[in-house]
Structure formats: structure tokens, C-alpha cells
Amino acid sequence: MAFSPLTLRRLSQFTGNKRGYVSFWLFLVLFFVTLFAEFISNDKPLLVKYEDSYYFPIFKEYPETTFGGEFETETNYRDPFVRELIDKKGWMIWPLIPYSYNTVNYDLPVPAPAPPSRENWLGTDDQGRDVLARLIYGFRISVLFGLTLTFCSSLVGVAAGAVQGYFGGLTDLLFQRFIEIWSGMPVLYLLIILASLVQPNFWWLLSLMLLFSWMALVPVVRAEFLRARNLDYVKAARALGLSTPRIIVRHVLPNAMVATLTFMPFILNASITTLTSLDFLGFGLPLGSPSLGEMLTQGKNNLQAPWLGMTAFAVLAVMLTLLIFIGEAVRDAFDPRKTTV
């Protein structure tokens, strides 16, 4: 596929920002790795061979009787009795980290939270759960939440800004008054109040935050549409009889997408920060969910275990810093004043 000279220039400017370009690949690698968290960190084996048959516990639940046990419930592969049964007639291949985000290590040599060791590389929290496993799952859910919220809020924000800017007049005036009132609400307090009324989950929190996050892109998209709606090519499209939706989508929207793409990394950053804040305050994801904010709370409540707070802070600092650097590189790529060296 051939790229236009403008696209090539933007790609060149993006790669020319070494800090942002390296951050983009680092973030991409980290996110890609965490997408396969179940294969990296799990309390179930990747593969079990038992009596010349092969089993895949990650994909399917097997009762204990499958391996010669006594119960019809799902097999607990960490149980020494079950391990002994399987080892007599087969073998197991475990993930790199033999713990899931909710697995409790009952064999700790010291009371929880336990410090880093060969068994738990980053230690455990105050419930005996592996910190590294919770970090991997927490990183994934934070990024997926941020990406989903960024995508949905961008769709709503671009549509609202396009309607405002293209039609102008009374439509623009009413929209602006509504946005001024809506944006003046204390968002975090409202989220806390609403989250305290019902049991929050991933999609419920996403819907709540979408109510307010869509406004970030409205001003820039509106300004672009206000500028472009009276340009000659738009007037010519109207004179040719093109429909309003077609003019908006095909002729004006591509120009507004420059500002949209520039702002998206920063919206993603804000989305992750808001989720972390809600989890830290106890109004975020359900209890027990892998959450970076919950890990910060663990660090605050267990000052005698500094590895908890330091680990969560380091992961958040690295994640948000990478996103900021990527955002700066995207901004430079779409800045017409920048020249490629």
C-alpha cells in the first residue's frame, strides 16, 4: 500500500522523535505480553500429560476424578495430593509464574505480606497473593479500560463537535451552554457517589466515565468544523448536491481527525489515571480484581512492606510516562510547523 507524501512526512516526524518512538515500542511490547497473562502467570498448568492423554487446564476445567482424585469439583493443581497423583502417571508444564492474580500462597515462610523471594519475585500482598501476577493482570485491565474509554469517548466527542461546528447558530449555542453546565460538575465526586450506590464492574465504570470524558475532544473538533464549513470546497460540495452527512464525513472530518489523533494519547493517560484513583479510593473495580489502584492502597496500608507501594508506583510511573512521550511524538508528527531533519 502506497502512502501519500503527507503521511510519509508524518511518519518520519514520529520516528524522528526518538523518545516517543522508543516509548511506543516499549509500551506495545508490554501491552502485547500482558494480553497473554493467562499463559505467563496462572495457577493452572499449560499442559498436563496423564495416562497417555493430554489436557489443557487453561482452556478447559477438569474434575479431580480425571486424574484419579475423589472429588467432582474442578482440580486444584497446586494441591500436593493432586500433584502427586499426576506425577505418578504423567507430568505438568507450568507457566513462568505459577500464580494467578487471586491465588493465595499458603506456604509462605513469614506472615503476609511477604518480601520478594525466589517463589514470589516481587513479594506478596497482605492476603498472600503474588504481587507480580497482580501487576501483570492489573496492567492489562488498566490499558484495556483506557483504550476502550478513549475509543468510545472519541466517537461521541467527534460526533458532538462535528454537529456543533458544522451547523453553528442556535445548535452550537445550545450545545455550548449544555457543555458548560455538564463540564462544571465535580466528576470524581459524582463517580464516587454513583459507584457507592451499586456494585461497580468494568462496563459499569466505563459507562459512568464515558458520560464526562467525551467532552475533551469537542472544542478542537468544533473549531475545525467552524473553520472549514465556509471554505470553498465545502461550498462546492453543497452546490453539487452532496448530502450533509457525506460532506461532514468525507470532506470536513478528515481535517478534524488531526487534532483528534493528537489528543488521544493524553485522553488514554487520563482514563487510566481516573480508574486508578477510583480503585485507590475503593470505588473502582470489584473487590479482588487485579488493580493498580488497589495495589497502591495495599502499599499505603502496609508501610512496613515498602515493596508494595514502590512496585505499584514504579509500574504506574513507567506506564504514564511512556504514554506522555508517545503523545508528544504524535503531536510532533501532526504539527505542520515541524520539519523533518
Side-chain angles (χ1 to χ4, degrees), residues 31-145 148 198-205 279 284-292 294-295 298 305 308 311:
F31 180 51
F32 181 79
V33 169
T34 57
L35 284 178
F36 301 93
E38 286 80 7
F39 297 90
I40 300 171
S41 177
N42 209 323
D43 55 3
K44 299 177 182 178
L46 300 174
L47 175 64
V48 175
K49 181 179 182 296
Y50 183 79
E51 291 185 340
D52 298 326
S53 298
Y54 293 90
Y55 302 91
F56 300 89
I58 288 182
F59 299 105
K60 183 179 179 181
E61 296 181 359
Y62 300 101
E64 188 178 300
T65 53
T66 305
F67 307 105
E70 301 176 357
F71 301 103
E72 293 288 343
T73 56
E74 183 183 359
T75 304
N76 179 9
Y77 299 93
R78 295 182 57 83
D79 188 338
F81 175 71
V82 174
R83 286 193 176 196
E84 183 178 351
L85 289 175
I86 295 177
D87 289 340
K88 284 181 179 179
K89 299 182 181 181
W91 41 262
M92 295 184 288
I93 298 179
W94 285 88
L96 181 64
I97 304 168
Y99 297 96
S100 186
Y101 67 89
N102 57 355
T103 306
V104 178
N105 186 356
Y106 293 102
D107 300 322
L108 293 174
V110 296
S117 63
R118 294 182 61 182
E119 183 70 17
N120 303 104
W121 298 351
L122 294 179
T124 69
D125 61 12
D126 56 10
Q127 298 182 40
R129 300 171 299 189
D130 187 76
V131 172
L132 181 56
R134 293 186 65 79
L135 277 180
I136 294 173
Y137 284 88
F139 185 97
R140 181 178 67 177
I141 198 171
S142 296
V143 176
L144 287 175
F145 183 91
T148 306
V198 298
Q199 178 63 43
N201 55 47
F202 182 94
W203 298 108
W204 200 86
L205 280 175
D279 287 334
L285 296 172
L287 291 176
S289 300
S291 164
L292 299 178
E294 191 266 346
M295 291 191 64
Q298 290 261 355
L308 294 175
T311 302

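Residue numbers count from 1 along this sequence. Computed from a prediction, not measured in an experiment: that's the story for all the values here.
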Return the [atom1] to [atom2] distance between [X] and [Y], rounded to the nearest 0.5 Å.
X	Y	atom1	atom2	answer
Leu96	Leu46	CG	CG	10.0 Å
Leu144	Phe202	CG	CZ	6.0 Å
Ile40	Thr34	CD1	OG1	7.5 Å

When the side chains of residues 126-140 are checked against the rest of the protein, which donor-acceptor pairs come out under 3.5 Å, sequence neighbours left out?
from, atom 1, to, atom 2, distance (Å)
Asp126, OD1, Gln298, NE2, 3.0
Asp126, OD2, Asn302, ND2, 3.3
Arg129, NE, Asp125, OD2, 2.8
Arg129, NH2, Asp125, OD2, 3.0
Arg129, NH2, Glu294, OE2, 3.4
Asp130, OD1, Asn120, ND2, 2.8
Asp130, OD2, Leu132, N, 3.3
Asp130, OD2, Ala133, N, 2.9
Arg134, NH1, Tyr101, O, 2.8
Arg134, NH2, Ser289, O, 2.9
Arg134, NH2, Glu294, OE1, 3.2
Tyr137, OH, Ser41, O, 2.6
Arg140, NH1, Leu35, O, 3.3
Arg140, NH1, Glu38, OE1, 2.9
Arg140, NH1, Glu38, OE2, 3.4
Arg140, NH2, Glu38, OE2, 2.9

Least distance between heavy atoms, [X] atom then [Y] atom:
X	Y	value
Pro116	Leu122	CG-C, 3.9 Å
Asp279	Gly284	OD1-CA, 3.0 Å
Phe36	Phe32	CD1-O, 3.2 Å

Under 3.5 Å, sequence neighbours excluded: what are the donor-acceptor pairs made by side chains of residues 57-68?
from, atom 1, to, atom 2, distance (Å)
Tyr62, OH, Phe56, N, 3.2
Glu64, OE2, Glu70, N, 3.3
Thr66, OG1, Pro63, O, 3.1

Quiz: residues 78-94 side-chain donor-acceptor pairs under 3.5 angstrom, not counting sequence neighbours:
from, atom 1, to, atom 2, distance (Å)
Arg78, NH1, Pro98, O, 2.8
Asp79, OD1, Phe81, N, 3.0
Arg83, NE, Tyr77, O, 3.4
Lys89, NZ, Glu51, OE2, 3.0

